[in-house]
Amino acid sequence: MSGGGCNIVWFRRDLRVEDNPALAAGVRAGAVVAVFIWAPEEEGHYHPGRVSRWWLKQSLAYLGSSLKNLGATLITKRSTDSVSSLLEVVKSTGATQLFFNHLYDPLSLVRDHRIKEVLSAQGIAVRSFNADLLFEPWEVLDDQGHPFNTFAAFWDRCLSMPYDPEAPLLPPKRIKSGDASRCPSDTLVFEDDSEKASNALLARAWSPGWSNADKTLTTFINGPLIEYSMNRRKADSATTSFLSPHLHFGEVSVRKVFHLVRMKQVLWANEGNKAGEESVNLFLKSIGLREYSRYMSFNHPYSHERPLLAHLKFFPWIVNEGYFKAWRQGRTGYPLVDAGMRELWATGWLHDRIRVVVSSFFVKVLQLPWIWGMKYFWDTLLDADLESDALGWQYISGTLPDGREFDRIDNPQFEGYKFDPNGEYVRRWLPELARLPTDWIHHPWDAPESVLQAAGIELGSNYPLPIVEIDAAKARLQEALSQMWQHEAASRAVVENGTEEGLGDSSESAPIAYPQDIQMDVDHETLRNNHPTAAIRRNEDQMVPSMTTSLVRIEEEETSLEIRPEDSRAEVPTDINRNEEPRGEASNQAVTQTLPSNILPQFTFTLGLRNAEDSTAESSSSSRRERDGGVVPVWSPSTSSYSEQFVGEESSYLQRHPESHQLMNWRRLSQTG
DNA sequence: AGAAATTTGAC
DNA sequence: TCAAATTTC
């Protein structure tokens with residue numbers, strides 16, 4: 001009896017039918033209507049980038065057909081407000097229950113709670129589950145019952161919990177379909193015309209979708225996993241799992257990954273294969289970091305926009321758009337950094353090691369605000385993941401209790417020796433250095449003139465001299481740090497005196513706006529492509545960006561990005577789609593030829609900037625939530641014993657999004673499962 | 001050789 | 001941080 005109250009299963013970042021607790025529960029409860037709501041405006045300025053949207057599109061199509069084969073329909077809705085869309089779906093299907101899986105970013109926590117409130121008020125039962133983590137964030141606590149604030153301790157505890165993570169669920173054999181005839185789907189548009197060509201190339205290297213994710217996992221476990229610990233010093237991506245984009249959209253469950261990998265470990269341990277065992281530990285650690293990123297996001301909901309350690313807000317970041325541009329273009333003069341940035345630019349992908357190299361360079365050598373780098377990663381990475389990226393950047397920036405020392409500068413030259421000893425990686429991505437002998441490949445500035453000449457390199461002309469000398473960077477960093485401590489002390493004095501003034505601009509409390517006026521160099525290639533909108537669009541394009549000098553706020557400048565609600569498509573700024581190679585003649589063919597078949601020769605970027613910050617102070621409240629009758633602790637700065645050392649978390653990202661509502665609403669967010 | 005200092009790696 | 005590894009004295 002399909003009329004007898006059907007069940008809505010709301011898919012978000014859990015685009016799989018296997019080990020999907022919300023789906024399983026919905027199926028158990030009766031007839032199911034599956035729904036996906038595309039509401040990118042809710043993400044504020046973390047609107048998904050082009051490659052991420054491409055992935056989502058494929059993944060959804062895949063899920064849709066899987067569900068269809070099982071007997072259910074996936075309804076897709078374009079929305080600017082998930083809550084009201086969901087309400088609409090509920091009404092038009094006559095549903096009595098809603099099922100979904102948890103997310104842990106602050107926006108989702110608030111939104112999901114609101115949904116729970118609104119629907120409960122209408123008599124709809126709402127049930128939510130853990131599908132994204134081995135353990136829920138509130139389950140993993142230290143002996144005093146407090147959340148951990150270092151990764152090692154956190155992960156130790158995860159691995160020694162008194163109970164195992166839930167075993168993965170099988171996909172449903174058959175789904176009884178609810179009546180969705182009065183609930184039409186909207187067509188979701190994830191790319192515009194100018195993005196199609198670049199997106200088509202992505203399909204050569206990647207296959208989104210839950211069963212492809214499963215294949216990727218199997219391939220990895222039966223192949224590179226055993227060598228994982230040996231290979232982790234190489235810049236080459238070939239030995240990585242390639243699971244991150246699949247995991248971001250929940251196409252494969254971490255619990256399954258965990259179980260399969262642990263199984264392998266037991267096997268290797270029996271065979272006395274120490275390297276294999278160690279490899280599993282290392283790989284699991286990266287799974288653990290993903291867990292930890294959600295954990296931190298849950299316990300410190302502002303960690304994607306503010307340093308966790310308070311003193312860092314007094315760090316005098318260098319707001320230099322020229323540096324930022326050079327970094328993005330891969331023209332810093334440090335070959336390993338530049339190769340990494342070109343690879344990111346060309347493929348949307350970077351080995352974890354290289355992510356550390358380029359981001360560390362960004363923060364420590366260029367001393368640019370880490371939040372910019374994080375935003376750039378968000379816009380360009382195929383596996384862009386707010387929680388993971390925030391953790392990574394905070395770690396690099398030294399803003400975590402267990403992060404890198406702030407005054408330590410990694411020298412890209414020496415990292416080059418380590419990660420790319422033969423210079424292959426650099427040569428692949430920097431064709432202009434391809435003919436440089438290995439001895440000089442990571443420090444061309446030291447090479448004798450004759451060597452440079454023979455390699456066709458003219459420093460400062462077809463390859464830049466180092467943008468900042470490492471020694472100068474060290475001195476500058478010391479200077480910046482002493483300033484930071486002075487400001488910090490001054491601030492403390494102000495607080496103690498109860499005075500409200502004096503402190504000022506050096507603090508990050510007035511957030512440094514992401515430079516949105518990014519201009520593309522109008523060069524020969526633009527002209528050649530003769531893109532009709534090139535002239536007007538260029539300042540929205542990140543392709544070959546050059547920055548103008550001002551830090552103009554977005555709302556003043558980017559009216560062309562305004563969202564028109566009647567537009568049913570994703571409002572993505574038009575890109576100029578072109579083959580772009582770093583300047584210099586070496587260019588296209590050279591790079592394309594050296595590309596392995598699984599790497600994409602061409603890419604475009606979009607700048608998905610939205611709302612500028614206007615942070616308003618507002619205090620959050622401590623709260624607890626119900627969980628099947630049990631009480632589940634929720635993040636609470638006032639009760640957390642170590643919150644003192646963290647930045648005051650009173651000014652909220654959430655407050656900038658009127659649709660997100662108050663933190664107070666978290667209070668009774670149901671965690672039923 | 002053996003202690004001390006320095007560098008490295010980790011999340 | 002901090003322990004381990006490596007280099008220096």
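Here is how names work: the chains are called A, B, and so on, in the same order as the sequence lines, proteins then strands, and each is numbered from 1. The analysis underlying the following values was restricted to heavy atoms, covering all of them including side chains, and did not include hydrogens, waters or symmetry mates.
Checked against the 6.0 Å centroid threshold, A/Phe298 and A/Trp138 count as a close aromatic pair.
Here A/Asp352 lies in heavy-atom contact (under 4.0 Å) with a base. At a threshold of 4.0 angstrom between heavy atoms, the contacts of A/Phe151 are confined to the sugar-phosphate backbone, with no base atom among them.
Scored by the salt bridge (Lys or Arg N to Asp or Glu O under 4.0 Å) test, A/Arg255 finds A/Asp19 as partners (sequence neighbours excluded). For A/Phe377, the ring pair (Phe, Tyr, Trp, His ring centres under 6.0 Å) partners at least two apart in sequence or on another chain are A/Trp393.
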Stepwise salt bridge (charged side-chain N to carboxylate O under 4.0 Å, His left out) test for A/Arg428 and A/Glu424: CA-CA 6 Å; A/Arg428 178 181 314 149; A/Glu424 289 154 6; 5.9 Å; no
Stepwise ring pair (Phe, Tyr, Trp, His ring centres under 6.0 Å) test for A/Phe314 and A/Trp485: CA-CA 7 Å; A/Phe314 300 105; A/Trp485 291 119; 9.2 Å; no
N/O contacts under 3.5 Å, protein versus nucleotides 2-7 of chain C?
none

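Taking a pair as Watson-Crick or G-U with both hydrogen-bonding distances under 3.5 Å, the stems of three or more pairs touching DNA chain C are B:2-10 with C:1-9.
In this structure, A/Ser482 contributes its side chain and A/Glu479 its backbone to a donor-acceptor pair below 3.5 Å. Using modelled atom types, no side-chain atom of A/Gln329 and backbone atom of A/Ala326 make a donor-acceptor pair closer than 3.5 Å.
Between A/Phe361 and the choices A/Trp370, A/Trp327, A/Tyr334, the ring-ring contact (aromatic ring centres under 6.0 Å, His included) rule is met once, by A/Tyr334. With A/His442 as the partner, the side-chain contact (heavy atoms from CB on, under 4.5 Å) test is satisfied by one option alone out of A/Leu436, A/Asp420, A/Leu433: A/Asp420.
Less than 4.0 Å separates DNA chain B from at least one heavy atom of each of the following residues of residues 283-290 of chain A: A/Lys285, A/Leu289.
Seen from the ring of A/Phe406, A/Lys364 counts as a face-on cation partner, given the 6.0 Å and 45° thresholds. Annotation: cation-pi pair A/Arg328/A/Phe324 present, NZ/CZ under 6.0 Å from the ring centroid and within 45° of its normal.
The aromatic rings of A/Tyr228 and A/Phe220 sit perpendicular to each other, their planes meeting at more than 60°, with 30° as the lower class boundary. Between A/Trp445 and A/His443, the ring planes lie perpendicular to each other; the angle is over 60°, past the 30° to 60° tilted range.
In summary, contact between chain A and DNA chain B, defined as any nucleotide atom under 4.0 Å from a heavy atom of the protein, begins and ends at B/dT8 to B/dC11 in the 5' to 3' direction.
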